[in-house]
Amino acid sequence: MREAMVTRFVWGISLVILLACVGWAVLVQVAVPDACTYPTPPPNAQYLHCD
């Protein structure tokens, strides 16, 4: 019985971590603007090749 409970707990925590990583990746893609959309490049940007 305890082994099944620990297995479910590990799967649950793994799912939470996976969803947090996916959520973070989606948030970064949406929340961080593209540097090429600025009228002048940000001061800490390296060479930008914008098409």
Side-chain angles (χ1 to χ4, degrees):
M1 171 111 156
R2 258 192 201 273
E3 185 178 340
M5 192 168 69
V6 170
T7 303
R8 272 187 257 132
F9 177 76
V10 168
W11 278 110
I13 294 298
S14 299
L15 182 63
V16 167
I17 292 171
L18 177 69
L19 290 176
C21 290
V22 169
W24 178 258
V26 170
L27 180 65
V28 167
Q29 291 295 318
V30 173
V32 177
D34 186 9
C36 291
T37 60
Y38 291 122
T40 58
N44 60 347
Q46 296 179 357
Y47 175 74
L48 295 175
H49 180 73
C50 301
D51 293 326

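The shown structure was predicted, so the numbers you read here are calculated from the model rather than taken from an experiment.
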Using a 3.5 Å cut-off and no angle test, enumerate the donor-acceptor pairs between side-chain atoms of residues 4-13 and protein atoms at least two apart in sequence or in another chain.
| from | atom 1 | to | atom 2 | distance (Å) |
| --- | --- | --- | --- | --- |
| Thr7 | OG1 | Glu3 | O | 2.8 |

Identify all side-chain donor-acceptor contacts of residues 26-38 below 3.5 Å with residues at least two apart in sequence or on another chain.
| from | atom 1 | to | atom 2 | distance (Å) |
| --- | --- | --- | --- | --- |
| Asp34 | OD1 | Cys36 | N | 3.4 |
| Thr37 | OG1 | Asp34 | O | 2.5 |

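When hydrophobic residues (I, L, V, M, F, W, Y) are linked wherever their side-chain heavy atoms come within less than 4.5 Å, the members clustered with Leu19 are Leu15.
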